[in-house]
Amino acid sequence: MVLPHSMPLVPLPLAARVGDGRMPVSEAVRVIGDPRPVEQLITAIAERTGIRLSRSDRNGDSAGTVISLTIDPDAAGPEGYTLTVGESVEIVGGDEAGLFYGTRTLLQLLRQDDEGWGFLHSEISDAPRFERRGVMLDVTRHFFTVAEVLKFIDATSALKFNHLHLHLTDDQGWRIQIDSWPKLTTSASQTAAGGDPGGFYSKAEYRTIVEYAAARHMIVIPEIDLPGHTHAIGVAYPELVEAPVLNDGLIAESARLGQPLPVQGEPYLGWGVGHSSVRIHDERTYGFVRDVVREIAELTPGPYIHIGGDESLGTPQADFDVFVERATAIVVEQGKIPIAWHEVGAAAGIAEGTIGQYWGKTTPEGTHAEEAAHFVERGGALIMSPADVAYLDMKYSDDFPLGLTWAGVVDVRRAYDWEPTAVLDVPEAAIIGVEAPLWSETTRTIGDVEQLVFPRAAAQAEIAWSPRDAPERTWESFRARLATLAPLWETARIDFHRAEEIPWTDR
Ligand code: ACM
């Protein structure tokens, strides 16, 4: 008896039948469609198999075995697609993004057996559950090069993530060129956590990232973290930042880690939080914020600018409220939609439509739930990043060499077993999606990042994309399907963590 092939797809599609038959892959197979998706697919298949398929333009001869790529808004909704693998392959996207996701699914159906490479016979109809499926990369605590960020985009867009949040500024370094405040790059960018090398993206480099992401249907969300997490600004421009406020938690944590306490105007290389604040009652601060937001907006074709707002423990609450009300208004004034961490919801008058990012626990503590709900009351919405399940920088186990544990120890199963609409008491429609953040205090290389991100990002991808009630939306099904991504990640040279919970396959 031939056992049915375990469906090798993550995230789980809306409806899929995958059979045991294969459509063989050879150089005789031609790919037909618009140049960009055709070229992207041919390149990806060649990287995986060494077989370079040929291309035909849309009007070309369709005899022989073909992979046809088309768009038809009647065939599927936004970001959706249909895919059939039989004698040939047909992918129809509801739009360009849907076509791209259809090709990412096809790449997961590409398997090698004793007879060579083939696409598993299948019939799939797919569309996302949430419109927003994000990952975040902290490039401040440690800096990652443009090439490393592009590799991260390839790996995450393959899981159908459509937003890349870049945490560009923090106490340890400033990472983006701002022409009107040049010392941010000549001075504030030069450092990173632990004394590791700093760095920054020139505007041209940043545009390269944005364009590369757009070609893979990812919107880049730039974050300028304010009014806290701003120590590095004070290294470049001391007049903008208050003296550090040393809270008990910071003092205890710094002692435990053997890290010096922050000193005003000097680089801070530890990873304590909550000590820095821009000067709330100095108009120069708002001139700075306006200049930075304007220059970032010019670099940002996407609709959002994230203004941070987390852990501003050194900013008195009344000052914090004044600041975030003004900062969200400045983002709106520059034609963008503000996003902020949930603490910003404490301020009554945040700009209408501001989107909140909830990073509390799956059982909310203190005032976190109320703060999050206030974004909805102001006509905004919420992105869910609960730290005890969705934070990619938590350790997999107590003894894992990378990562932190303050929100918990998050194995793959824990990362998978949560429901975004069940955390807060807000209307379901107010939850517009999920984001999985990677904070980089302990990740000194992109390989370290990959160890923490993969495979857990795949769990967040499935939570964000797949239908909540599908019979295969179970841990047992997920771990079997996830196992089949190993050869794809190997080919892409992604240094994923071979978690023991997953029965990894070789091909
Ligand atoms: C955060 O983890 N401070 C948003």
Side-chain angles (χ1 to χ4, degrees), residues 135-142 165 167 170-172 192-194 223 225 228-231 244-262 268-276 308-315 340-344 346 356-369 371-372 383-418 423-424 434-444 448-449 451-453 456-457 459-460 497 499:
V135 278
M136 189 203 84
L137 186 59
D138 170 5
V139 296
T140 66
R141 275 54 175 271
H142 282 95
H165 169 182
H167 183 73
D170 212 303
D171 293 315
Q172 295 79 3
E223 180 188 351
D225 203 351
H229 291 277
T230 45
H231 186 93
V245 174
L246 306 180
N247 62 73
D248 293 345
L250 172 71
I251 293 167
E253 184 68 358
S254 301
R256 192 180 69 80
L257 294 166
Q259 296 176 347
L261 292 167
Y268 178 61
L269 311 178
W271 59 56
V273 297
H275 47 87
S276 52
D310 57 321
E311 299 176 312
S312 299
L313 309 177
T315 317
W341 298 107
H342 70 243
E343 290 99 314
V344 165
Q357 182 165 8
Y358 177 79
W359 66 281
K361 304 274 181 75
T362 42
T363 301
E365 295 169 347
T367 53
H368 298 174
E371 288 157 4
I383 301 164
M384 298 302 291
S385 305
D388 55 341
V389 287
Y391 265 32
L392 297 169
D393 61 312
M394 293 300 112
K395 287 179 184 286
Y396 292 93
S397 57
D398 276 315
D399 61 355
F400 197 73
L402 300 165
L404 305 174
T405 54
W406 60 263
V409 170
V410 182
D411 61 15
V412 184
R413 180 165 194 166
R414 181 160 172 193
Y416 186 74
D417 277 338
W418 70 282
V423 176
L424 299 170
V434 170
E435 183 183 295
L438 185 284
W439 301 98
S440 62
E441 286 93 333
T442 67
T443 55
R444 304 181 65 194
D448 291 348
V449 169
Q451 279 275 303
L452 289 171
V453 171
R456 287 180 296 188
Q460 305 316 324
H497 171 50

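The residues of the chain are indexed from 1 along the displayed sequence. The analysis underlying the following values was restricted to heavy atoms, covering all of them including side chains, and did not include hydrogens, waters or symmetry mates.
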Are any side-chain N or O atoms of [X] and backbone N or O atoms of [Y], one a donor and one an acceptor, separated by less than 3.5 Å?
X: Thr140; Y: Gln172; value: no
X: Ser276; Y: Gly228; value: no
X: Asp310; Y: Glu343; value: no

Quiz item: How long is the span from the NE2 atom in His229 to the NE2 atom in His275, to the nearest 0.5 Å?
Solution: 8.0 Å
Exercise. Can you measure from CG (Leu137) to NE2 (His142) and round to the nearest 0.5 angstrom?
Key: 12.5 Å
Self-check item: side chain to side chain contact (heavy atoms under 4.5 Å, CB included) against Leu246, all qualifying residues, sequence neighbours excluded
Solution: Pro244, Leu250, Ile251, Leu261, Pro262
Practice problem: Sequence neighbours left out, what passes side chain to side chain contact (heavy atoms under 4.5 Å, CB included) with Ala415? Give chain and number order. | Solution: Val410, Arg456, Ala459, Gln460
Which atom of [X] lies closest to which atom of [Y], heavy atoms considered:
X: Thr442; Y: Asp448; value: O-OD2, 4.1 Å
X: Val453; Y: Tyr396; value: N-OH, 4.4 Å
X: Tyr268; Y: His231; value: CB-CD2, 3.5 Å
X: Leu424; Y: Ala372; value: CD1-CB, 3.8 Å
X: Ala193; Y: Glu441; value: CB-O, 4.5 Å
X: Pro364; Y: Val423; value: CG-O, 3.6 Å

Quiz item: Will you find, in the side chains of Trp359 and Glu435, an N or O donor that is under 3.5 Å from an N or O acceptor?
Solution: no
Quiz prompt | Option passing side chain to side chain donor-acceptor pair (under 3.5 Å) with Ser385 (candidates His165, Gln357, His342) | solution = Gln357
Quiz item: Taking only residues two or more places apart in sequence or in another chain, which ones pass salt bridge (charged side-chain N to carboxylate O under 4.0 Å, His left out) with Glu253?
Solution: Arg256
Self-check item: Partners meeting salt bridge (charged side-chain N to carboxylate O under 4.0 Å, His left out) with Asp170 (sequence neighbours left out)
Solution: Arg141
Quiz item: CZ of Arg414: more than 12 outside heavy atoms within 6.0 angstrom?
Solution: yes
Quiz item: Leu438 and Asp138: side-chain contact (heavy atoms from CB on, under 4.5 Å), yes or no, with the steps?
Solution: CA-CA 6 Å; Leu438 185 284; Asp138 170 5; 5.5 Å; no
Exercise. I would like to know whether Glu311 and Trp341 meet side-chain contact (heavy atoms from CB on, under 4.5 Å); could you show each step before the answer?
Key: CA-CA 9 Å; Glu311 299 176 312; Trp341 298 107; over 6 Å; no
Donor-acceptor pairs are to be reported for all side-chain atoms of residues 388-395 against protein atoms at under 3.5 Å, with residues two or more places apart or in another chain.
residue, atom, partner, partner atom, Å
Asp388, OD1, Thr362, N, 3.0
Asp388, OD2, Thr362, N, 3.2
Asp388, OD2, Thr362, OG1, 2.7
Lys395, NZ, Phe400, O, 2.5

Exercise. May I ask you to test the Val245-Leu313 pair for a side-chain heavy-atom distance under 4.5 Å?
Key: no
Practice problem: For His167, enumerate each residue passing the ring pair (Phe, Tyr, Trp, His ring centres under 6.0 Å) test, keeping only those at least two apart in sequence or located in another chain. | Solution: Trp439
